[in-house]
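Notes for the one structure printed next.
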Protein chains: 2
Amino acid sequence: MAAIRNEEELIRQVLNIFSGHLERGGLRRTPERFAILEEIYRRNDHFDAEALYIHMKNRNYRVSRATVYNTLELLVSCDLVKKHQFGKNLAQYEKSFGYKQHDHAICGNCGKVVEFCDPRVQQIKDMVGELLNFQITHHSLNLYGICGNCRKEIEMGIVRNQAKVAVDEPGWGD
Amino acid sequence: MAAIRNEEELIRQVLNIFSGHLERGGLRRTPERFAILEEIYRRNDHFDAEALYIHMKNRNYRVSRATVYNTLELLVSCDLVKKHQFGKNLAQYEKSFGYKQHDHAICGNCGKVVEFCDPRVQQIKDMVGELLNFQITHHSLNLYGICGNCRKEIEMGIVRNQAKVAVDEPGWGD
DNA sequence: CTTGGTGCAAACAATTTGCAAGCGC
DNA sequence: GCGCTTGCAAATTGTTTGCACCAAG
């Protein structure tokens, strides 16, 4: 299914979009910014700023946390990345270009995040926006609960409460 | 509409519920815990831990932040208080007993939080839970945008970005 | 009187900021 | 070269923890 091809294609595309966004805003096209965007689009999970920072370090990039945060904010502002709060004081991010809008179900036991899509969300946004005279720009819908696997584990007496999911792999990128 | 009467009645009720919850859990009924619960139920807004702490101080209570946080967690665990994250790294709370489930629209300009209710949310929870084999326990749906007032102000060139809303009034109690 | 709860302050974790040096334009 | 960006570390912010004392059961 040519997934790799599509990935490279996608990356070229988002780098371009970002480049244009920077130019339009009179912002500088630094290698750090592009490197961060590229690494984000090579991942397929939800991640936090620290994980991305570690990831960049593992790949032998020379970046600081400040730049990671700075760039993430830029990317959010041009809609290439989405920022979430899944109930904790820790911002989670995910790439968003080329994906259809979706929401999240979060397992309170293992921390797994599953995406879903329901057209009724849009209907609610439209209707509530009109009703409250709010100009809705975006939303966040999170369903919290226990996933099927964890329910089984819990029934068998195993409890892992909040195990970390999606840790970064050690550096092989030399 | 006898709002005051109802408020006193409601407060008696929640104090009772909390008392039972503490007893059932083998926890102590301290004056601080009841005082915090009572103050929460005399407020009608969304507030953060610090605001509640200041509020208690203004009312001449002798409480520490630690006790405020501790008690808030207790109250959340027995469903007398709900905890929210409105997109920032700052937990917001609101009383929840006697209110029907609702969600929130947040103005990104003035910070105003408006509540709304839509039955489709429950439908989504049910359907997605079944679909993903998740046992959904709770959810959070936040719509972000600009409220009518702010839109007008912005059109007139006034921008207040993130003005603080619902600050605590100075102490008049005593 | 036993032990959990408290106030206080120090510790922590996530994020932001200040500043000197570096590099895109 | 000008000044936005960077790396680094220190500062801030929200929340948690450690500890000596207090008071509920």
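Any value given below was found using the heavy atoms of this structure, including those in side chains, with hydrogens, waters and symmetry copies removed. Chain identifiers are assigned alphabetically (A, B, ...) following the order of the sequence lines, protein sequences preceding nucleic acid strands; residue numbering begins at 1 within each chain.
Put simply, CD on Glu73(A) is 18 Å from P on dA14(C), counting in whole angstrom units. As rounded to whole Å, 13 Å separates atom C1' of dA21(C) from atom CD of Glu32(A). Here the P atom of nucleotide dA14(C) and the CD atom of Gln85(B) are 13 Å apart, to the nearest Å. For the pair Leu52(A) CG and dA14(C) P, the computed distance is 15 Å after rounding to whole Å. Atoms CZ (Arg29(B)) and C1' (dT6(C)) sit 18 Å apart, rounded to a whole Å. When the P atom of dT16(C) is taken as reference, atom NZ of Lys88(B) falls 12 Å away, rounded to whole Å. The CD-C1' distance, from Gln92(A) to dA13(C), rounds to 14 Å in whole Å. For Glu23(B) and dG5(C), the CD to C1' distance is 17 Å, given to the nearest whole Å.
When the side-chain nitrogen and oxygen atoms of Tyr69(A) are compared with OP1 and OP2 of dT15(C), one or more of them lie within a distance under 4.0 Å. Using a 4.0 Å cut-off, no side-chain N or O of Asn89(B) falls inside it from OP1 or OP2 of dA14(C). For Thr30(B), a side-chain nitrogen or oxygen approaches OP1 or OP2 of dT6(C) to under 4.0 Å.
Terminal axes of the helix from dC1(C)-dG25(D) to dC25(C)-dG1(D) (five pairs each, C1' rotation axis) are separated by 30°, to the nearest 10°.
Between Arg65(B) and Arg62(A), it is Arg62(A) whose nearest contact on DNA chain D lies nearer the 5' terminus. Judged by closest nucleotide on DNA chain C, Arg28(B) is the one of Arg28(B) and Val63(B) placed further toward the 5' end. Residue order along DNA chain D, read from the 5' end via each residue's closest nucleotide, puts Leu27(A) first among Leu27(B) and Leu27(A).
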Report the C-alpha separation of Glu39(A) and Arg43(A) in whole Å, then their side-chain angles, then the decisive distance to 0.1 Å, and conclude whether the salt bridge (charged side-chain N to carboxylate O under 4.0 Å, His left out) test is met.
-> CA-CA 7 Å; Glu39(A) 287 308 316; Arg43(A) 313 193 90 194; over 6 Å; no
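The closest side-chain donor-acceptor pair between Glu50(A) and His55(A), if any, does not fall under 3.5 angstrom. Of the N and O atoms on the side chains of Asn133(A) and Arg151(B), at least one donor lies less than 3.5 Å from an acceptor on the other residue. No hydrogens or angles considered: a donor-acceptor pair under 3.5 Å links the side chains of Asp103(A) and His139(A). Using modelled atom types and a 3.5 Å distance limit, the side chains of Asp126(A) and Gln122(A) yield a donor-acceptor pair. Side-chain contact, Glu94(B) with His104(B): a donor N or O sits under 3.5 Å from an acceptor N or O. With hydrogens and angles left out, the side-chain atoms of Asn89(B) and Gln85(A) include a donor and acceptor closer than 3.5 Å.
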Identify every side-chain donor-acceptor pair in residues 11-27 of chain B under 3.5 Å, counting partners at least two apart or on other chains, and give the distances.
| unit_1 | atom_1 | unit_2 | atom_2 | d |
| --- | --- | --- | --- | --- |
| Ser19(B) | OG | Arg29(B) | NH1 | 2.9 |
| Glu23(B) | OE2 | Arg29(B) | NH2 | 3.4 |

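Put simply, chain A comes within 4.0 Å of DNA chain D, heavy atom to any atom, from dG3(D) to dT15(D), going 5' to 3'.
Under the 30°/60° scheme for interplanar angles, the aromatic rings of His46(B) and His102(B) are found to stand perpendicular.
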